[in-house]
Peer 1: 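Can you keep this structure in mind? I'll have questions shortly.
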Amino acid sequence: MTEQLKQELKDWADEARVPQDLAERALRRRARRPLLFLVPAAAVSALVVTVGMLVGLPDRTSTVRPASVVTLPARPSPAPTDVRADVDNMPPKKLIAAGNYAVSAYWQSKKEKGADGIATRRQVWSLYNPRTEEYETTPYAWVDVAPGLRTAAFVEGDLLGRTVGILDMGTGEVIARIPLEHDVLSVDWSPDGTRLLATAYSAYPYRTKPMGENSYQQQPSSVTGYYVIDVPNAKAVFHPPLPEKPDEVSSPQPPLTWSLDGSLIRQHVPSPEPERFFTPEGEARPKPADRISEAGVSAVSPDGKLLLGGAGLPTKITELEGGKVVGNQKVLQLHAWADDETVLALKCARECDDEFDSALSLIKVDGTEVQQLSGFQRTVEDGAWDWVLTPR
């Protein structure tokens, strides 16, 4: 999770009087966070093919059954590993990528105030278009890109939606639309790029109402359940909400995500228990041995030898076995392994006098910079961009 997201959610938590560790639980979006492809609304309507229909099921579970299967674009093999940067545009226009990962999309948080005084934190998504080789703004409420950067999923709607679309990024064609019976906020691709996890809410969770000078009230919202969507078969199965503890109910619950291997669902909860795990059917399971980076991806190097440390100057990389420190880095966060020897990191400007003035960079294990990947930005400003890292 980037410093921008942490700060925004901390500010939001302060305003709404919700737990300050909400930032640690919110959108730990795996390096593959949400995204979507830019297609004009009229074009989307023309391209859309409805592949499922709603059918009645038992009270606490419902299923969307397909009229036909969905053929997903093949993941590129071998995957590209070249380094791509855009330090001149803010937010970026051209692809940012290095080794195993690429910035497949990014979102910008914007605060809107309604006539009733209620303030809403809206996410505006931009997605990489391989045909133009540029990022383009989308009209969707949430997007996510599958590993390989060939397929995107999106939530169609305003803040929440009841339709999940599947987009072929190479052609710009919406190859499937899956109707749902409940409003969802998010979609999250499984690591194998065949399933989606969509979290349903009673109302958009990031809204507050002023209650006096410097006092705000969080507007009611709760997780009402989640969908596990089998994308090739366009089949969505709804499940009731996972159990919560009493002290968690009053705060907005972040969207559910997959575990690193896709076998379990991760539920982000307040400290000191940072997360809980369940089977896709909702059965509790022990925490797996996942080693997760600040970006929500594996913190273990591809060769299985080294481990990325947590945030804070200086960061460190250790041997996985034994814990010996093999390198320190003058950066704010270590995000993902580009390869066995280089890391995508969040670097600070100048002499690190301001932790909220930062840029993406490619560095070596010993902290030596290989190449700056993005321009610097003030991550606490309204409209600052927050990237989604996706395996290439």
Side-chain angles (χ1 to χ4, degrees), residues 1-7 9-10 20-21 23-33 81 83 85 96-103 259-261 266 268 271-275 287-374 376-377 379-380 386-389 391:
M1 184 185 303
T2 68
E3 287 299 316
Q4 174 200 347
L5 181 56
K6 286 184 177 180
Q7 183 62 31
L9 291 179
K10 181 180 182 300
Q20 291 189 358
D21 61 0
E24 300 297 332
R25 297 183 282 127
L27 305 177
R28 249 262 317 251
R29 204 25 216 297
R30 331 133 298 112
R32 298 176 313 279
R33 254 175 87 97
T81 58
V83 177
I96 294 175
N100 297 321
Y101 287 94
V103 174
S259 62
L260 287 185
D261 66 0
R266 177 182 288 110
H268 304 280
S271 299
E273 184 183 15
E275 51 197 5
K287 180 179 178 178
D290 289 352
R291 310 298 290 269
I292 302 174
S293 76
E294 293 292 323
V297 299
S298 178
V300 179
S301 60
D303 61 9
K305 296 180 179 180
L306 302 179
L307 179 67
L308 300 178
L313 284 165
T315 55
K316 66 180 180 180
I317 295 175
T318 61
E319 292 180 346
L320 184 62
E321 299 295 334
K324 178 183 176 181
V325 176
V326 296
N328 289 104
Q329 308 80 32
K330 191 177 180 181
V331 297
L332 296 167
Q333 296 177 350
L334 303 173
H335 279 201
W337 288 95
D339 53 42
D340 292 324
E341 300 175 348
T342 56
V343 177
L344 285 93
L346 185 66
K347 102 172 184 179
C348 43
R350 300 171 299 278
E351 295 301 315
C352 294
D353 55 292
D354 185 346
E355 65 178 310
F356 301 114
D357 194 351
S358 57
L360 270 178
S361 181
L362 184 66
I363 64 171
K364 294 181 179 180
V365 172
D366 66 4
T368 304
E369 184 175 34
V370 176
Q371 183 176 347
Q372 185 172 323
L373 301 176
S374 76
F376 285 98
Q377 70 167 343
T379 57
V380 292
D386 200 349
W387 45 84
V388 177
L389 291 179

Peer 1: Can you name the closest pair of heavy atoms from Ser293 and Ala299 and give their distance?
Peer 2: N-CB, 3.7 Å
Peer 1: Between Leu344 and Leu373, is any pair of side-chain heavy atoms under 4.5 Å apart?
Peer 2: yes
Peer 1: Just jot down the side-chain contact (heavy atoms from CB on, under 4.5 Å) partners of Ser361, sequence neighbours excluded, or say none.
Peer 2: Lys347, Ile363, Glu369
Peer 1: Identify the heavy atoms of Ala98 and Leu362 that sit nearest to each other, and give their distance.
Peer 2: CB-CD1, 4.0 Å
Peer 1: Please report the closest heavy-atom contact between Ser358 and Thr379, naming both atoms and the distance.
Peer 2: OG-CG2, 3.5 Å
Peer 1: Within a 6.0 Å radius of atom CD on Gln372, are there more than 12 heavy atoms belonging to other residues, nucleotides or ligands?
Peer 2: yes
Peer 1: Sequence neighbours excluded, which residues qualify as side-chain hydrogen bond (donor to acceptor under 3.5 Å, both in side chains) partners of Asp290?
Peer 2: Arg266
Peer 1: Closest heavy-atom contact between Phe376 and Ala359?
Peer 2: CD2-CB, 3.6 Å
Peer 1: Which pairs count as disulfide bond (SG atoms under 2.5 Å apart) when at least one residue sits in residues 329-370, sequence neighbours excluded?
Peer 2: Cys348-Cys352
Peer 1: Please list all pairs passing the side-chain hydrogen bond (donor to acceptor under 3.5 Å, both in side chains) test where one or both residues lie in residues 302-325, with sequence neighbours left out.
Peer 2: Ser301-Asp303, Thr315-Gln329
Peer 1: So, do Leu306 and Leu320 sit near enough that their side-chain heavy atoms are less than 4.5 Å apart?
Peer 2: no
Peer 1: Can you sort out the partners of Pro302 under side-chain contact (heavy atoms from CB on, under 4.5 Å), two or more places apart, ordered by chain and number?
Peer 2: Asn100, Trp337, Asp340
Peer 1: State, to 0.1 Å, how close Val300 and Arg291 come at their nearest heavy-atom pair, and which atoms those are.
Peer 2: CG2-CB, 3.9 Å
Peer 1: When rounded to the nearest 0.5 angstrom, what distance separates CG in Leu313 from CG in Asn328?
Peer 2: 10.5 Å
Peer 1: So do the side chains of Ile96 and Trp387 get within less than 4.5 Å of each other, counting heavy atoms only?
Peer 2: no
Peer 1: Could you tell me if the side chain of Gln333 sits less than 4.5 Å from the side chain of Glu355, heavy atoms only?
Peer 2: no
Peer 1: Within the 4.5 Å heavy-atom criterion, are Val343 and His335 side-chain neighbours or not?
Peer 2: no
Peer 1: Scan for disulfide bond (SG atoms under 2.5 Å apart) pairs involving residues 308-337, sequence neighbours excluded, and state none if there are none.
Peer 2: none
Peer 1: Might you point out which heavy atoms bring Ala336 and Val297 nearest each other, and give the distance in Å?
Peer 2: CB-CG2, 3.8 Å
